[in-house]
Engineer: 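I'd like to ask some things about the structure below.
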Amino acid sequence: MEVDMERVLSSELSSHTGERIMMSGWMHRIRKLGSGMVFVHLRDRSGICQIVVEAPEAVASIDGLLVESVIQVEGTVVAEPQAAGGYEVHDPSFTVLSPVTEALPFPINKPVINAHLDTFLDHAMVGLRAPSKQAIFKLSAAAAHGFREVLDSKGFTEVATPKIIGSASESGANVFAIEYFGKQAYLAQSPQFYKQMMVGIFERVYEVAPVFRAEPHQTIRHLNEYVSMDAEMGFIKDQTTVMALLTDVIRGILSYLTAHCAKELELLKVAMPLTPETFPRVYFPDAQQWIFEHHGEDCRAEPDLAPQHEKWLGEWANETFQSDFLFVTGYPMVKRPFYTAPNPDDPKYSNSFDLLFRGTELVTGGQRLNKFEDYARALESRGMTQEAVAAYLETFRFGMPPHGGFAIGLERFIMQLTGLTNLREAALFPRDMERLQP
RNA sequence: GGGGUCGUGGUGUAGCUGGUCCAACACGCUGGCCUGUCACGCCGGAGACCACGGGUUCAAAUCCCGUCGAUCCCGCCA
């Protein structure tokens, strides 16, 4: 039995021409004309359609209702060239399911929402009803779906690793401490250790889940809780295997969006990214040299790239390689976590990479160490103890293949794709240093 | 953690080299007009002690100090 046995959605009017139907949704717009004629725009999950109200009883039955009132309508579907979608509903009778008599904090039925981000986020529960805001999160959901679809097709298994963990994993400094039945616990800042362990079990795994970072940053591209799309696979040659996988994943997600989200992409005026079959790649020291030569900034002694450097590189990739994506490979080992595999030919540099999307860091990935002795040495050279990561290390004492993986920041992907100016706009209810509500 | 900018009706802004501001415009709300509107249009109305506290001055939305709040940049990261 169907959930909506009798309900017709606004997108389905064309197949009900001339019929008496039932619809329900929110009053998205109410437009009163003279002599009591009223146009009501009804919004449901499929879109918006127009209802023409002329009978005095019908007009009276919705008198005093403000936008966002929830109504049920019975009416006749009429083909009408003047209507936006070509169809509209006439001779309606209304049942009010939930009246609204109070004005919204800000109008949400305009093409652009006129509210500061802070104001918007305070009222996100209603602000997100705006079609343009919905579209962002439809894309977000579809991107995660595309991610899963690509990896499922390649023999990956989806996993769910714990978000409450007993020891601060990677670097230790940037985790949220919580109390756990009288013990100290932490919110996972990454599924890194667990996804590696899972490679020992399934060879290929992925996870789409929140991660928590206690970094005190306050920028347009950071959140303290975000969705990480992680993948990890065994039996790789080196980081280039991972990069090839990531390229397929990115291209796969974009194809999925093109196939399933035409309406949202159109509404948000998304310029689909340039994605050559192979994304261009630049070796970290070469990138620094290029920056020095073309922008006069000497960062060659730095162990990392600054946001401005990444912007320049993004422009370069776009113009020179017609690509909105650029791999930067071989970041210095000092800037990478202890589990990172070094470049065998140049051990100061790593077999890891970042993927820049339109000049912003979108993905970090690489090859990991897979032998126990290498872990023991890496930990020792960084002054870390084996005890702290004992469970993790057990994985490597009992046979782990060469492996690697990556993590895509979902909100960053959506931000860069749709041209949002603040990462918070790509999170439903973002968490930053100041914001815990709503 | 360091630095910059900002705070004016429910929302977004103008005013801010002090007086003509008991604060203007747009959206929203509201009374009225219009039988094809769809960011409609037209005529009215309500709604702000100009973030808060102190100071300078004959006079402060406007200048100064402090507090709080917001925002952006850097560091760091995805």
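What you see is a predicted model, and the numbers here were worked out from it, not measured in a lab. In what follows, chains carry the letters A, B, and so on, assigned in the order in which the sequence lines appear, proteins first and then strands, with residues in each chain numbered from 1.
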Engineer: Please classify the nucleic acid contact of A:L223 as base, sugar-phosphate, or nothing, using heavy-atom distances under 4.0 Å.
Structural biologist: base

Engineer: What nucleotide among B:rG28, B:rA78, B:rU30 has an atom nearest to a side-chain atom of A:H222?
Structural biologist: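 Of B:rG28, B:rA78, B:rU30, B:rA78 is nearest to the side chain of A:H222.
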
Engineer: Using the P atoms only, state how far B:rG19 lies from B:rC50, rounded to an integer number of Å.
Structural biologist: 16 Å

Engineer: I'd like to know if A:H217 reaches the base of B:rC77 with its side chain such that a donor and an acceptor end up less than 3.5 angstrom apart.
Structural biologist: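 In this structure, the two groups form no donor-acceptor pair.
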
Engineer: How does protein reach along nucleotides 31-39 of chain B, written 5' to 3' as B (base within reach of a heavy atom under 4.0 Å), S (only sugar-phosphate), or - (no contact)?
Structural biologist: ---BBBBBS

Engineer: Sticking with atom P, work out how far B:rG44 lies from B:rA24, rounded to a whole angstrom.
Structural biologist: 15 Å

Engineer: Find the distance A:E434:CD to B:rG7:P and express it as a whole number of Å.
Structural biologist: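 About 19 Å, once rounded to whole Å.
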
Engineer: Could you check whether A:H222 and A:H217 have their ring centres less than 6.0 Å apart?
Structural biologist: yes

Engineer: Between A:S69 (side chain only) and A:L65 (backbone N and O only), is there a donor and an acceptor less than 3.5 Å apart?
Structural biologist: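 Not a single qualifying donor-acceptor pair exists.
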
Engineer: Hey, does A:T360 reach any base, or is it just sugar-phosphate, or nothing, if we go heavy atoms under 4.0 Å?
Structural biologist: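 Nothing, no nucleic acid heavy atom in range.
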
Engineer: Sort out for me which residue in A:D238, A:T329, A:T278, A:D248 forms a side chain to side chain contact (heavy atoms under 4.5 Å, CB included) with A:M243.
Structural biologist: A:T329

Engineer: Categorize A:D122 for me: base, sugar-phosphate, or nothing, with a 4.0 angstrom heavy-atom threshold over every strand shown.
Structural biologist: nothing

Engineer: Between B:rG15 and B:rC77, how far apart are the C1' atoms? Round to whole Å, please.
Structural biologist: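 Looking at atom C1' only, B:rC77 and B:rG15 are 42 Å apart.
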
Engineer: For the side chain of A:A103, starting at C-beta, report the closest nucleotide among B:rG10, B:rC77, B:rC29.
Structural biologist: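 My answer, after comparing the listed nucleotides, is B:rC29.
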
Engineer: Can you establish whether the number of heavy atoms outside A:K133 located under 6.0 Å from its atom NZ is more than 12?
Structural biologist: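 Atom NZ in A:K133 is packed in, count exceeds 12.
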
Engineer: Applying a 3.5 Å limit to both distances, which nucleotide forms a Watson-Crick or G-U wobble pair with B:rU13?
Structural biologist: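 Paired with B:rU13, as far as the under-3.5 Å criterion goes, is B:rA24.
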
Engineer: Have a look at A:R424 and say if it touches a base, only the backbone sugar-phosphate, or nothing, with a 4.0 Å heavy-atom cut-off.
Structural biologist: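 Sugar-phosphate, no base atom in range.
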
Engineer: My understanding is that a pair needs two contacts under 3.5 Å, Watson-Crick or G-U wobble. By that rule, which nucleotide pairs with B:rG19?
Structural biologist: B:rC58

Engineer: Would you please indicate yes or no on a ring centroid separation below 6.0 angstrom for A:H295 and A:W290?
Structural biologist: yes

Engineer: Are more than 12 heavy atoms from other residues, nucleotides or ligands located less than 6.0 Å from atom CD of A:E266?
Structural biologist: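 Atom CD in A:E266 is not crowded, with 12 or fewer foreign heavy atoms closer than 6.0 Å.
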
Engineer: Would you mind telling me which residue lines up with the more 5' stretch of RNA chain B, A:Q308 or A:S228, judged by nearest nucleotide?
Structural biologist: A:Q308

Engineer: State whether A:H116 places a side-chain N or O below 4.0 Å from either non-bridging phosphate oxygen (OP1 or OP2) of B:rU71.
Structural biologist: no

Engineer: Is it the case that B:rC77 (base atoms only) and A:R412 (side chain only) share a donor and an acceptor within less than 3.5 Å, ignoring hydrogens and angles?
Structural biologist: yes

Engineer: Please tell me which of the listed nucleotides, B:rC77, B:rA78, B:rA70, lies nearest to the side chain of A:R221?
Structural biologist: B:rC77

Engineer: Of the nucleotides B:rU11, B:rA70, B:rC76, which has the atom closest to the A:F106 side chain?
Structural biologist: B:rU11

Engineer: Which is true for A:Q218 with a 4.0 Å heavy-atom rule: it touches a base, it touches only sugar-phosphate, or it touches nothing?
Structural biologist: base

Engineer: Looking at B:rA78, which nucleotide sits across from it as a Watson-Crick or G-U wobble partner, both distances under 3.5 angstrom, or is there none?
Structural biologist: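 Pairing partner: none.
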
Engineer: Ring centres of A:Y186 and A:F176 under 6.0 Å apart?
Structural biologist: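 For A:Y186 and A:F176, the ring centres are not under 6.0 Å apart.
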
Engineer: Among B:rG12, B:rC72, B:rC29, which nucleotide sits nearest the side chain of A:N114?
Structural biologist: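 In terms of side-chain proximity for A:N114, the closest of B:rG12, B:rC72, B:rC29 is B:rG12.
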
Engineer: What integer number of Å spans the C1' atoms of B:rA26 and B:rG41?
Structural biologist: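 Looking at atom C1' only, B:rA26 and B:rG41 are 15 Å apart.
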
Engineer: What is the nucleic acid contact for A:V67, judged by heavy atoms within less than 4.0 Å: base, sugar-phosphate only, or nothing?
Structural biologist: nothing

Engineer: Quick one: does NZ or CZ of A:R382 land under 6.0 Å from the six-membered ring centre of A:F338, within 45 degrees of the ring axis?
Structural biologist: no

Engineer: For a quick check of understanding: with a heavy-atom distance under 4.0 Å over all strands, which category does A:L423 fall into, base, sugar-phosphate or nothing?
Structural biologist: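 Base, at least one base atom sits under 4.0 Å.
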
Engineer: State plainly whether the residues A:R424 and A:E411 are in salt-bridge range, i.e. N to O under 4.0 Å.
Structural biologist: no

Engineer: My understanding is that a pair needs two contacts under 3.5 Å, Watson-Crick or G-U wobble. By that rule, which nucleotide pairs with B:rA70?
Structural biologist: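 Result: B:rU5.
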
Engineer: Taking atom C1' in both B:rA51 and B:rC16, what distance in whole Å separates the two?
Structural biologist: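 One C1' to the other, the span is 16 Å.
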
Engineer: Determine the interatomic distance between C1' on B:rC27 and the same-named atom on B:rC63; round to the nearest Å.
Structural biologist: 33 Å

